[in-house]
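A short write-up of the structure that comes next.
Letters go in sequence order (proteins before strands), and every chain restarts at 1.
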Protein chains: 2
Amino acid sequence: MISPETAELRILDAAETLFYGRGIQAVGMDEIRSTSGVSLKRLYQLFPSKGELVQAYLRRRDVRWRQKLAAYAEAQATPEESILAVFDWLHEWFGEPDFRGCAFSNSFGELGATSSAVAETARAHKEAFFRYLTGLTAAAGKPASLGDHLALLAEGAITTAAITGSAEPAHQAKAAARVLLEAA
Amino acid sequence: MISPETAELRILDAAETLFYGRGIQAVGMDEIRSTSGVSLKRLYQLFPSKGELVQAYLRRRDVRWRQKLAAYAEAQATPEESILAVFDWLHEWFGEPDFRGCAFSNSFGELGATSSAVAETARAHKEAFFRYLTGLTAAAGKPASLGDHLALLAEGAITTAAITGSAEPAHQAKAAARVLLEAA
DNA sequence: CAACGGAGAGAATGCTCGTTCTCCCCATCC
DNA sequence: GGATGGGGAGAACGAGCATTCTCTCCGTTG
């Protein structure tokens, strides 16, 4: 028997791949089981309902996504470079073969109206992202409004890249961000 | 008996209210029937499957949405004012009580991975929107890249307004748009 | 060794939903 | 008037799915 920790990891990995890749309602618990290799009994012991598994998936993805973004941005030499690096990181993300847009926007569109938990998780994710960008602009001595504007650009690039299937919106957003950054 | 044209209108109105308001998979054909007052038999005569009804809903919404935007923008005196008016129009839209983001982004997030028809309709809508904005910037003697940048801002504002439940992103996007417009 | 408790496989349950079918009514036409 | 055809209401069908239950197996403990 695999350890509970390993089982939980496998379940969350399967949930992330499947929920993100195909949508939450399109994936049944049976498919989570077969992909993770963890029996339904154990699955329900660890996550008492599909809704709780969805929340766990979203929470873990939120933390990881923002950590990866922060690690990339913080590897830059100056605050200005960190800001522009956000859009380089987006470009890399958009190019990943399984990229399908923002997991939070997608789950909000799918379930936001019926699940307040999903709606709230999406809201918290976007708020954290906006706060992160305003933190970067503050470090560069720029106003918080610039952070909001850059966040809107990034948000738009994510949606547009997902729907058009192109990574180009990241470059477009970066060019616009550069103009805003220099004007601020 | 109501005329086929009236029945079709009622069905599409019900579909739009329900699909947009709660998500496509969350709404059953039975609810379309009870809301529209059109019997299931006639419903299936006019739209042979739920998928076709979804496509009809999206197609009509695409046309109407872009018409309303264009009417608002074209009521302005100068090309520059038309461009900025796009964001005023967004602000009005965000303030509507049933606003729940972009119907195309939402349906893409929900069904884009499983339905190529939905994915394609969403893509066509975004492309038309981008083309409309680059047309506005061309009329103002500005490069097409400005149109793309403004479209990203608008797109980000829509998503952010939907998730946070605030109309404020329209104002933020307009402020950023003004900077980009004056710099271009 | 024998009882036990927890684990896996997967069947069973109960519900939802897309789609079709049945049955009945009524307006039209001979 | 009586046949007919199209329409409405809603039951029926079949599939999918979240969740639970059953049965069997095996490792542990006394």
Inset, instruction - Report yes if some heavy atom in the side chain of B:Val54 is under 4.5 Å from a heavy atom in the side chain of B:Ser107; otherwise report no. - result: no
Legend entry - Gap between atoms NZ and P, on A:Lys50 and D:dA18 respectively (whole Å): 4 Å
Legend entry - Separation of atom CD1 in A:Ile24 from atom P in D:dA18, rounded to whole Å: 12 Å
Inset, instruction - Could you state the atom-to-atom distance from CZ of A:Arg33 to P of D:dT19 in whole Å? - result: 15 Å
Inset, instruction - Using whole Å, report how far CD of A:Glu52 lies from P of D:dA18. - result: 15 Å
Inset, instruction - Would you indicate what A:Gln25 reaches in the nucleic acid, counting non-hydrogen atoms under 4.0 angstrom: base, sugar-phosphate, or nothing? - result: nothing
Legend entry - Protein-nucleotide distance (B:Gln45, atom CD; D:dA9, atom P), rounded to Å: 13 Å
Inset, instruction - Grab the CG-C1' distance between B:Asp30 and D:dA9 for me, whole Å please. - result: 11 Å
Inset, instruction - Could you check which of C:dG18, D:dG8, C:dA9 has an atom nearest any side-chain atom of A:Ser39? - result: C:dA9
Inset, instruction - Please report, rounded to the nearest Å, how far the C1' atom of D:dC21 is from the OH atom of A:Tyr44. - result: 13 Å
Legend entry - Salt-bridge criterion met for A:Glu80 and A:Lys142 (N-O under 4.0 Å): no
Legend entry - Residue B:Arg42, side-chain atoms from C-beta onward, closest of D:dG8, C:dT19, D:dT20: D:dG8
Inset, instruction - Using whole Å, report how far CG of B:Leu43 lies from C1' of C:dT20. - result: 13 Å
Legend entry - From B:Tyr72, B:Trp89, B:Phe104, B:Tyr20, residue fulfilling ring pair (Phe, Tyr, Trp, His ring centres under 6.0 Å) relative to B:Trp65: B:Trp89
Inset, instruction - Take A:Val27 and A:Lys41, find for each the nucleotide of DNA chain D with the closest heavy atom, and name the residue whose nucleotide sits nearer the 5' end. - result: A:Val27
Inset, instruction - Decide whether B:Thr121 and B:Gln55 meet the rule of one side-chain donor and one side-chain acceptor closer than 3.5 Å. - result: yes
Inset, instruction - Look at the side chain of A:Leu40 and decide which nucleotide, out of D:dA18, C:dA11, C:dT20, has an atom nearest to it. - result: C:dA11
